[in-house]
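Worksheet: one structure, shown below.
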Amino acid sequence: MTRRIKKVAIIGSGIMGSGIACHFANIGVEVLLLDIVPRELNDKEKAKGLTLEDKAVRNRLVNDALTASLKSKPSPIYSQKFASRITTGNLEDDIAKVADVDWIMEVVVERLDIKKIVFEKLEKYRTPGTIISSNTSGIPIKFMNEGRSEDFQKHFAVTHFFNPPRYLKLFEVVPGPDCKQEVTDFLMDYGSKFLGKTSVLAKDTPAFIGNRIGIFGIQSLFHQVKELGLTVEEVDKLTGPVIGRPKSATFRTVDVVGLDTLVHVANGIYENCPNDEAHDLFKLPSFINTMMENKWLGSKTKQGFYKKVVNAEGKKEILTLDLDTMEYRASKRAKFATLELTKTIDKPIDRFKVLVGGKDKAGEFYRKNFAAMFAYVQNRIPEISDELYKIDDAMKAGFGWENGPFEIWDAVGIEKGIELMKAEGNQPAAWISEMVANGQTSFYSIKEGATYFYDVPTKTQTKKPGQDAFIILDNIRKTKEVFKNSGVVIEDLGDGILNCEFQSKMNTIGGDVLAGLNKAIDLAEKDFQGLVVGNQGANFSVGANIGMIFMMAVEQEYDELNMAIKYFQDTMMRMRYSSIPTIAAPHGMSLGGGCELSLHADKVVAAAETYMGLVEFGVGVIPGGGGSKEMALRASDTFRTGDVQLNVLQEYFLTIGMAKVSTSAHEAFDLGLLQKGKDVVVVNRERQIAQAKKHAVLMAEAGYTQPVKREDVLVLGKQALGAFMVATDSMHASRFISEHDQKIANKLAYVMAGGDLSEPTRVSEQYLLNLEREAFLSLTTERKSLERIQQMLKTGKPLRN
């Protein structure tokens with residue numbers, strides 16, 4: 001049976017329900033979002049003379065919840081216009097509409113009695129064969145199945161999203177005992193292919209996989225913090241980016257999620273897992289009980305482990321909770337010698353051996369922490385999962401870990417991990433001892449570009465399923481490398497397609513990256529049929545190497561700087577005018593030069609979570625790698641008969657002048673950075689390189705021909721230049737922009753207007769590139785621009801001077 005999801009019903013409009021509704025709207029699905037009818041009028045409704053029978057009142061809860069969700073930051077929706085795909089209603093007037101949907105998802109409060117009432121109502125109207133699921137984080141399916149029809153049970157599963165649903169990738173699928181296999185298979189595939197998730201098949205055990213392991217990790221830290229005499233700041237320093245975890249680390253993450261949420265799950269595990277060997281660890285330490293009593297729940301109550309205040313000088317300050325005195329104090333900087341040893345190690349996976357060998361308190365912390373984690377996860381097989389990779393996938397997708405527990409154990413070394421456990425009084429599980437005795441030295445291995453994992457039942461390395469849709473660059477780099485320099489690795493993706501992967505810090509674009517890009521085009525034109533520019537780092541590229549630009553400008557090496565900027569421009573033009581199709585695959589931050597590269601590719605295959613923008617104004621210059629030229633060109637191509645051409649150009653001008661950055665790939669279309677009908681969006685980032693390759697193959701096999709250089713860009717000359725200068729003068733006079741902002745804006749205006757030509761004129765791209773480069777260079781001679789670059793290099797934050 002082929003299933004297609006055209007419309008879903010989400011029952012419950014709280015934070016999770018609204019977030020899930022928005023994410024289905026993100027992927028183009030119609031959504032019916034329902035919630036209960038209010039029992040009484042609020043003050044506003046009374047003042048308006050409304051009654052409980054008025055539609056506005058009856059839908060108040062659902063409408064207020066969705067409105068709040070759409071206003072929240074980070075936004076749950078790719079583009080605000082996608083909210084039109086969501087229809088709201090209530091569980092009395094609109095429940096019959098569930099008969100017309102393809103999937104019903106219950107997202108109500110975590111109480112079995114309430115869920116049963118909702119399911120009873122839904123069964124009256126649900127069309128047989130319709131998938132029905134619950135977003136519960138731990139209520140056993142057998143209890144939710146009680147009293148339900150056979151058809152309901154055959155199509156019922158848990159589909160557990162993590163909050164926020166748009167951003168966290170874990171999608172746990174837990175089939176009911178009578179759920180049909182085809183329903184389970186469909187949900188797994190749909191989660192990965194359409195929702196862009198890491199679908200993990202879990203067992204019906206308390207808290208499933210992600211929360212069982214994640215809450216154990218947090219509870220373990222709660223107990224260790226006192227034992228080791230660590231502060232809140234120190235734990236967050238030790239459990240953040242240094243080990244490949246989010247910046248919010250541990251305590252700040254709890255503040256964001258809500259301490260009450262964590263306590264609810266921890267209590268559920270404590271009550272429902274009496275035979276767990278770490279049962280007592282799920283007991284809440286006294287400081288957590290105190291915080292719960294005081295309602296210090298985190299962001300939602302304005303204080304938790306951290307508290308934001310305004311000090312005596314009127315400045316915002318973040319205080320930290322002292323776990324000994326239970327009073328807030330000024331934050332202290334955390335510093336450890338062991339962490340200093342890892343500063344030259346780029347990848348977190350390569351740091352673990354150093355961290356567990358530390359001679360200070362940090363080293364002791366890591367040894368205890370990893371020993372506890374290794375001991376716990378080994379004993380969860382086969383209780384919560386038969387395969388170890390599912391535990392790693394769940395932690396990476398649900399908690400934002402760069403590496404899962406078994407991957408970390410591999411990095412430390414299996415024998416070393418056993419040694420750490422034994423030092424803390426824990427023994428290896430029987431399957432671990434058997435694995436080592438059989439000569440297996442790792443949980444994972446790479447063969448022919450695919451990841452294999454140690455399969456406990458068969459005692460062999462088995463290919464991890466679901467990889468056929470992916471190209472994992474880490475897996476192919478060693479065997480498929482065609483060329484390498486300090487900035488890029490060029491890999492053969494097969495089928496005549498090369499990939500150029502940036503390897504610089506933050507994937508910045510400097511001379512080595514540009515040389516690598518040119519080499520990739522040379523190789524592709526000679527022996528291949530297409531080129532993808534893509535990587536699987538945290539971000540596609542944060543832009544040009546501004547450190548290099550700063551040094552050249554300070555040393556007043558303007559000839560060298562001119563040549564460097566021209567080299568960048570020429571490389572972008574090679575991307576546009578090579579004899580083979582070029583595909584850019586941006587994701588994450590794709591800023592400045594990273595954005596310019598995408599603008600010049602034949603096609604962009606963007607990850608949905610792409611934050612794209614020409615942000616050069618923030619460092620006191622204009623886009624100098626073809627970005628200013630390209631926006632003038634795109635404005636010209638957008639001019640239509642009857643348009644006020646100046647208004648069209650102004651929109652593109654403001655995209656640069658206001659340093660606008662898209663909050664998703666879909667928003668990049670609205671900013672003119674991506675082009676409808678040409679560029680495409682991929683929801684699942686793991687599929688991005690494979691999809692980019694497919695587009696390159698299609699373009700090549702369709703008979704790609706080298707484009708002809710443009711000589712027909714319509715610029716408006718003095719008409720546009722004068723208008724823009726009047727506008728910037730007015731903004732400066734009104735103090736919306738500084739004098740230097742005005743100077744930069746006027747330089748950009750000169751470029752995008754095509755100079756001070758007396759009338760609208762057709763010009764070449766090279767003409768505009770020359771203007772762009774001249775303007776860029778002139779701004780690098782300005783002291784205030786250099787101050788902005790220096791500030792960005794020092795702090796990562798823009799300076800307004």
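In terms of heavy atoms, Leu420 sits closest to Ala371 at O-CB, 3.4 Å. In this structure, His740 and Gly620 approach most closely via the heavy-atom pair NE2-O, 4.3 Å. Across Thr780 and Leu786, no two heavy atoms sit closer than the pair O-CD2, 3.7 Å. Counting all heavy atoms, side chain and backbone alike, Phe399 lies closest to Gly210 at CE1-O, 3.2 Å.
The closest side-chain donor-acceptor pair between Thr663 and Ser75, if any, does not fall under 3.5 angstrom. For the residue pair Asn535 / Asn507, a side-chain donor-acceptor distance below 3.5 Å is found, with atom types taken as modelled. A side-chain N or O of Asp512 and one of Ser486 form a donor-acceptor pair less than 3.5 Å apart. Between the side chains of Glu787 and Asn801, a donor-acceptor pair is found at a separation under 3.5 Å. Side chains of Ser299 and Asp255: no donor on one and acceptor on the other come within 3.5 Å. Looking at Ser13 and Ser18, their side chains never bring a donor and an acceptor atom within 3.5 Å of each other.
Atom CG in Leu221 sits 5.0 Å away from atom OG1 in Thr250 (nearest 0.5 Å). Asn426 contributes atom CG, which lies 7.0 Å from atom CE of Met421 (distance to the nearest 0.5 angstrom). Phe370 CZ to Glu424 CD: the interatomic distance, rounded to the nearest 0.5 Å, is 13.0 Å. In this structure, CG in Leu259 is found 11.0 Å from CG in Asn294, a value given to the nearest 0.5 Å.
When the options Trp401, Tyr444, Tyr389, Phe443 are evaluated for a side chain to side chain contact (heavy atoms under 4.5 Å, CB included) with Glu407, the one that passes is Tyr444. Checked options His160, Glu110, Glu172; the residue passing with Ser137 is Glu110 (criterion: side chain to side chain donor-acceptor pair (under 3.5 Å)).
Crowding of Met292 atom CE: a count of heavy atoms from other residues, nucleotides or ligands under 6.0 Å exceeding 12. Around NZ of Lys237, the count of heavy atoms belonging to other residues, nucleotides or ligands within 6.0 Å does not exceed 12. For Phe736, the CZ atom is loosely surrounded, since the number of other residues' heavy atoms within 6.0 Å does not exceed 12.
The backbone N or O of Phe161 sits less than 3.5 Å from a side-chain atom of Asn135, completing a donor-acceptor pair. A donor-acceptor distance shorter than 3.5 angstrom exists from the side chain of Ser504 to the backbone of Thr508, with no hydrogens or angles considered. At distances below 3.5 Å, at least one donor-acceptor pair connects side-chain atoms of Ser662 with backbone N or O atoms of Thr610. Put simply, the side chain of Thr231 gets close to the backbone of Glu234: a donor and an acceptor are under 3.5 Å apart. Between the Asn545 side chain and the Met548 main chain, a donor and an acceptor come within less than 3.5 Å of each other. Judged by distance alone, with hydrogens and angles left aside, the side-chain atoms of Thr301 form a donor-acceptor pair with the main-chain N or O of Lys295 at under 3.5 Å.
Using a 4.0 Å cut-off between a side-chain N of Lys or Arg and a carboxylate O of Asp or Glu, Glu609 and Arg166 qualify as a salt bridge. Salt-bridge check for Glu402 with Arg245: failed, with every basic side-chain N at 4.0 Å or more from each acidic carboxylate O. A salt bridge is absent between Asp346 and Lys505; no separation between the charged side-chain nitrogens and carboxylate oxygens falls under 4.0 Å. Using a cut-off of 4.0 Å between Lys/Arg side-chain N and Asp/Glu carboxylate O, Arg788 and Asp741 are scored as salt-bridged. Between Glu277 and Arg380 a salt bridge is recorded (basic side-chain N to carboxylate O distance below 4.0 Å).
Note on ring orientation: taking the six-membered ring where Trp is involved, the planes of Phe540 and His587 are perpendicular (angle over 60°, cut-offs 30° and 60°). Between Phe222 and Phe305, the two ring planes are tilted [angle within 30° to 60°]. Using bins of under 30°, 30° to 60° and over 60° for the plane-to-plane angle, the ring pair His23/Tyr78 lands in the perpendicular bin. Taking the six-membered ring for Trp and thresholds of 30 and 60 degrees, His279 and Tyr270 have nearly parallel ring planes, at less than 30 degrees apart.
Residue pairs meeting the salt bridge (Lys or Arg N to Asp or Glu O under 4.0 Å) criterion with at least one partner in residues 213-231, sequence neighbours excluded, are Glu227-Lys368. Sorted by first then second residue, the salt bridge (Lys or Arg N to Asp or Glu O under 4.0 Å) pairs that include residues 205-215, not counting sequence neighbours, are Arg212-Asp276, Arg212-Glu383. Applying the salt bridge (Lys or Arg N to Asp or Glu O under 4.0 Å) definition to pairs two or more places apart or across chains, those involving residues 314-342 are Glu233-Arg329, Asp322-Arg329, Glu340-Lys343.
Side-chain atoms of Lys169 and Asn684, non-hydrogen and from C-beta on, never get closer than 4.5 Å to each other.
Ring centroids of Phe251 and Tyr306 are separated by 6.0 Å or more, keeping the two rings apart.
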